[in-house]
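Values reported hereafter were calculated over all heavy atoms of this structure, with side chains retained and with hydrogens, waters and symmetry mates removed. Lettering of chains follows the sequences in order, A, B, ..., and the numbering in each one begins at 1.
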Amino acid sequence: MVATIDLNQMTPGFSDPVFNSQETFRAILGAMAHPGRIVTAGSALDSPHPLNRASAAVCLTLLDFETPLWTDLDSDHMAIGWLRFHCGCPVVQNPSEATFAMITNNDAMPSLNKFKTGNDECPESSTTLIIQTSGLSSMDGKRLSGPGIETFSTLKMEGLTERFWQDRQIQFTMFPLGVDILFTCENTLAALPRTVKVEG
Amino acid sequence: MSFSRNSFTTKERQKWMSVLSKSSCQELEGAWQGISEKPDYRHLRKPETGIIMVRARAGGSGLRFNFGEMTVTRCTVKTDEGYVGCAYVMGRDHRHAELAALFDALLQNSGYKLKILNMVILKLKESREKRKEEISKKSAATKVDFFTMVRGD
Amino acid sequence: MYVAVKGGEQAIANAHKLLSEKRRGDQAVPELEISQIKEQLGLSVDRVMTEGSLYDRELAAIAIKQAQGDLVEAIFLLRAYRTTLPRFGFSEPIETSRMEIQRRISSSFKDIPGGQVLGPTYDYTHRLIDFALEIPDNGNSETCRAEVAAEAIQNAMPRVADLLLAEGLIEDEATDNDRRPVADLTRDPLELPAERDARLQNLARGDEGFILSLAYSILRGFGASGHPFLGEIRFGEVTVELVPEELGFPIEVGEVSVTECIMFNRFMGSATTSPKFVRGYGLAFGHCERKAMAMAIIDYALRSRELGERSEYPAQDEEFVLFHSDNIQASGFVEHLKLPHYVDFQADLVLMRNRQGEFRDGKKEGRDERELEDEKAAKEAE
């Protein structure tokens, strides 16, 4: 049984759904096209705890009733009700059914191979992960190279486990299969598409 | 059920939501102007136009299939008294969706409910039924009785 | 192969201006209002909504005005518009048995419960041009007023097919498993073999002319084992219900008018199934009776594979039917020939010049053995 959405506690989403989602889409596009580049999103948004503003903006922009969402939040959590109300997305119990995954607790995050990695015919039918981090900066950190990066870029994401990076290395060898990742922190985000090689 | 604390049943709400969505925007605007104490409200979700896929059944009763889409506008408001009104109405009229959501919110408030049911919903329902009946009577005038030379049964 | 070409911007802008002027026509004539199209060209609006696969009378009317009455262009405009809108969900299946009926006839049974209701039909008109329409109102508004009966129609009319069902004479439409995913051609490309849900969606969106001609081919003997019978046609309004995620219960969002057609087809049975009538189903937005009837005939024709019947004619070939039914895809492909093909054609010019040269240089040269063999065989056949 799916929990009912408590509309009495509901807060608004984008103040201007059309323009705000276009703006956010442009930001995500820029981040995806230039892996490692930090862009801003959702600055004016009142996001429900524990989602940060960038995560909430990404969800409002990309999710709809045809994009199943997996998240590590409890199913009756207010933030889930908020996502279901504003995006209309179904919430699934199994990461392998999800088109998007929202991760708020990196320590308990499932291994990357638990998500959809696509298949040879449709490698794009994979999960896009939105991972909340406690810090995001382009000062030192990981060394990224690949399409969209002239030489290399650096990106530091706080709070990710060693196991996560091992998983990511394994997935990199599976290209074109794999997951794409958006890291968010407050009102900023950066992308790590499956095409990018991570070192360090 | 989450409605136990409410002064209305889901069935009642479905009925008034149906009347609100099937009435015209002008009718709702007129009714809204007639309400003396309008509550303050804010949008939880501003009026937004989208589409829904209309489904049908093969043979009228069998296998489901996607028949075609229709435009729908939705809106969710919250009054200052804390009532949340929802509307999904056919078409692209933002004001229609907003007014339908506002009336939905008011009708959940027992202070307004009876008055609005009688003053607004009942009237809208009656005028709609009258229009429908008129159309139906015109079709009824085209009912035929076929005569054959030998009635075969 | 297409080659990008640049330039012509000014010419295109001017062509658009010329088009607007042309669309407006003689400025001395009053401009069409959308409400006039909606009210007085209602059947055009219905066709545009059906094949545009979007129910919105006003949008369809604007599209017709914008397209100068070119309905396929108007359908294109509607299809393009819908891609800009978010989708909120799926309706509950519409209940055509609870239709508010404006027309309902059966040609299979004379006396049907609920009766035969002719409604607004052209069936019994004489197809003589009515010159009275040349002059608005013609001084007599009484001529456009319907008769009103004392009693309204009882809407809960049983389906004609149910009369046969009670006797076991007609295939029982399988009750659907509600968890079965429903094919959606607006999201996933058509794959063959196509199931009935995908076929019905394709036919509902399909071009009326194409489907009508295919249905005609069936009736003329290209595929039908027997003559289909019109079980029932209904036209009227049905309520559309939606279950919004945040409410969790169904609500009514409005009413759409639809035309529904059920055809009875004689199925002579197979080794495992007994002979019975099988339904063909047609459904269209608004009042599109010809389309709904043709669709019902083709729906049955395309069931030949699952019924284990021989399928040897074009209208029974699902690849032929389903891949060519969409007039937007079809006109896109045909009209793409207007795009610059300058380089391709240069290649063909060179080829043609060479071949003509070879032909002049000696008729036997430049041909391979196969061509010679073909020639020989042709001679023998003579």
Task: Region of C/Val258 in contact with chain B, defined by heavy-atom distances below 4.5 Å - done: side chain
Open item on the list: Report which part of C/Arg82 has an atom under 4.5 Å of a heavy atom belonging to chain B: side chain, backbone, both, or neither.
Closed with: both
Open item on the list: Quick one: does any side-chain atom of C/Asp56 pair with a main-chain N or O of B/Met70 as donor and acceptor, under 3.5 Å?
Closed with: no
- [ ] Flag the pair C/Glu95 and B/Arg57 as a salt bridge only when some basic side-chain nitrogen lies within less than 4.0 angstrom of an acidic carboxylate oxygen.
- [x] no
- [ ] Check each atom of C/Val240 against the heavy atoms of chain B and say whether the ones under 4.5 Å are side chain, backbone, both or neither.
- [x] side chain
Task: Residue part contacting chain B, namely of C/Ala150, when any heavy atom lies under 4.5 Å - done: backbone
Task: Contacting region of C/Glu246 [heavy-atom separation from chain B under 4.5 Å] - done: side chain
Open item on the list: Check B/Lys132 with C/Glu100, please: is the shortest side-chain N to carboxylate O separation under 4.0 Å?
Closed with: yes
TODO: For B/Glu133 and C/Glu151, run side-chain contact (heavy atoms from CB on, under 4.5 Å): C-alpha distance rounded to whole Å, both residues' side-chain angles, the deciding distance at 0.1 Å, then the answer.
DONE: CA-CA 9 Å; B/Glu133 200 184 337; C/Glu151 292 280 319; over 6 Å; no
Open item on the list: Can you tell me if C/Lys276 has over 12 outside heavy atoms packed within less than 6.0 Å of its NZ?
Closed with: yes
TODO: Kindly say whether C/Ala152 contributes a backbone atom to a donor-acceptor pair with the side chain of B/Ser136 at under 3.5 angstrom?
DONE: no
Task: Min side-chain heavy-atom separation B/Arg13-C/Phe249 under 4.5 Å - done: yes
- [ ] For each of B/Ala87, B/Ala141, B/Gly60, B/Cys86, tally heavy-atom pairs with chain C at distances under 4.5 Å, and name the one with the top tally.
- [x] B/Gly60
TODO: Flag the pair B/Val54 / C/Phe90 as yes when at least one side-chain heavy-atom distance between them is below 4.5 Å, and no otherwise.
DONE: no
Open item on the list: Run C/Val253 and B/Val89 through side-chain contact (heavy atoms from CB on, under 4.5 Å) and show every step you take.
Closed with: CA-CA 5 Å; C/Val253 300; B/Val89 302; 6.0 Å; no
- [ ] Select one option (side chain, backbone, both, neither) describing which atoms of C/Thr84 are under 4.5 Å from chain B's heavy atoms.
- [x] neither
Open item on the list: Any heavy-atom pair between the side chains of C/Leu59 and B/Thr71 that's under 4.5 Å?
Closed with: yes
TODO: Flag yes if more than 12 heavy atoms outside B/Lys125 fall under 6.0 Å of its NZ atom; otherwise flag no.
DONE: no
- [ ] Please look at B/Ile135 and chain C and tell me whether the side chain, the backbone, both or neither of the residue comes under 4.5 angstrom of a heavy atom of that chain.
- [x] side chain
Open item on the list: With chain C as the partner, which of B/Ser61, B/Ala58, B/Ala100, B/Gly91 has the greatest number of non-hydrogen pairs under 4.5 Å?
Closed with: B/Ala58
Task: Proximity breakdown for C/Glu237 and chain B, heavy-atom pairs closer than 4.5 Å - done: side chain
Task: Spatial distance of atom CD1 (C/Ile105) from atom NZ (B/Lys143) [nearest 0.5 Å] - done: 15.0 Å
TODO: Considering only heavy atoms and a distance below 4.5 Å, find which of C/Pro93, C/Ser53, C/Gly89 pairs most often with chain B.
DONE: C/Pro93
Task: Winner by heavy-atom pair count (cut-off under 4.5 Å) against chain B, out of C/Gln102, C/Met49, C/Glu241, C/Arg279 - done: C/Gln102
Task: Sidechain-backbone polar pair: B/Gln14 side chain, C/Pro250 backbone, donor-acceptor under 3.5 Å - done: yes
Task: B/Glu29 atom CD, neighbour heavy-atom count above 12 within 6.0 Å - done: yes
Task: Residue C/Tyr81 versus chain B: region with a heavy atom under 4.5 Å - done: side chain
Open item on the list: Do C/Arg87 and B/Ile52 have side chains that approach each other closer than 4.5 Å (heavy atoms only, starting at C-beta)?
Closed with: no
Open item on the list: If you define the side chain from C-beta out and look only at heavy atoms, does anything of B/Phe67 sit under 4.5 Å from C/Tyr55?
Closed with: no
- [ ] Heavy-atom distances under 4.5 Å only: say whether C/Ile262 touches chain B with side chain, backbone, both or neither.
- [x] side chain
Open item on the list: On a heavy-atom basis, which atom in C/Pro86 and which in B/Thr49 lie closest, and how many Å separate them?
Closed with: CD-O, 3.5 Å
Open item on the list: Surrounding NZ of B/Lys38 (heavy atoms of other residues, nucleotides or ligands, distance under 6.0 Å), is the total greater than 12?
Closed with: yes
Open item on the list: Whether C/Glu147 and B/Lys137 form a salt bridge (side-chain N of Lys/Arg under 4.0 Å from carboxylate O of Asp/Glu) is what I want to check.
Closed with: no
Task: Minimum-distance pair of heavy atoms, taken over all atoms of C/Asp197 and B/Leu63 - done: N-CD2, 3.8 Å
Open item on the list: Report which part of C/Leu242 has an atom under 4.5 Å of a heavy atom belonging to chain B: side chain, backbone, both, or neither.
Closed with: side chain
Open item on the list: Taking B/Lys22 first and then C/Glu252, would you say they form a salt bridge - that is, a charged N and a carboxylate O separated by under 4.0 Å?
Closed with: yes
- [ ] For the pair C/Ile94 and B/Arg55, evaluate side-chain contact (heavy atoms from CB on, under 4.5 Å) and give the outcome as yes or no after the intermediate values.
- [x] CA-CA 6 Å; C/Ile94 52 173; B/Arg55 284 191 169 156; over 6 Å; no
- [ ] With a 4.5 angstrom heavy-atom cut-off, could you sort out which part of C/Ala198 is near chain B: side chain, backbone, both or neither?
- [x] neither
TODO: Give a yes or no on whether a salt bridge exists between C/Glu255 and B/Arg128, defined as a side-chain N under 4.0 angstrom from a carboxylate O.
DONE: yes
Task: Close side-chain approach of B/Thr142 and C/Arg103, heavy atoms under 4.5 Å - done: no
TODO: Check whether NZ of the Lys or CZ of the Arg B/Arg74 lies under 6.0 Å from the centre of the six-membered ring of C/Phe88 and within 45 degrees of that ring's axis.
DONE: yes
TODO: Can you tell which part of C/Ala204 gets under 4.5 Å to a heavy atom of chain B, answering side chain, backbone, both or neither?
DONE: side chain
Open item on the list: Tell me whether B/Glu37 at atom CD has more than 12 heavy atoms from other residues, nucleotides or ligands lying less than 6.0 Å away.
Closed with: no
Task: Heavy-atom side-chain proximity of C/Leu118 to B/Val144 below 4.5 angstrom - done: yes
Open item on the list: Heavy-atom cut-off 4.5 Å, strictly under: side chain, backbone, both or neither for C/Leu185 against chain B?
Closed with: neither
Open item on the list: With chain B as the partner, which of C/Val117, C/Leu283, C/Val148 has the greatest number of non-hydrogen pairs under 4.5 Å?
Closed with: C/Leu283
Task: Most chain B-contacting option - heavy-atom pairs closer than 4.5 Å, from C/Arg234, C/Glu171, C/Gln201, C/Arg196 - done: C/Gln201
Task: Atom pair CZ (B/Phe65) and CG (C/Asp299), whose distance is rounded to the nearest 0.5 Å - done: 8.5 Å
Task: Residue selection (most heavy-atom pairs with chain B, distance under 4.5 Å) from C/Val256, C/Val182, C/Leu203 - done: C/Val182
- [ ] For each of C/Pro244, C/Ser97, C/Gly115, tally heavy-atom pairs with chain B at distances under 4.5 Å, and name the one with the top tally.
- [x] C/Pro244
Task: Test item: B/Arg64 side-chain N/O and C/Arg180 main-chain N/O as donor-acceptor pair under 3.5 Å - done: yes
TODO: Measure the spacing between CG of C/Asp184 and CG of B/Asn66 and express it to the nearest 0.5 Å.
DONE: 4.5 Å
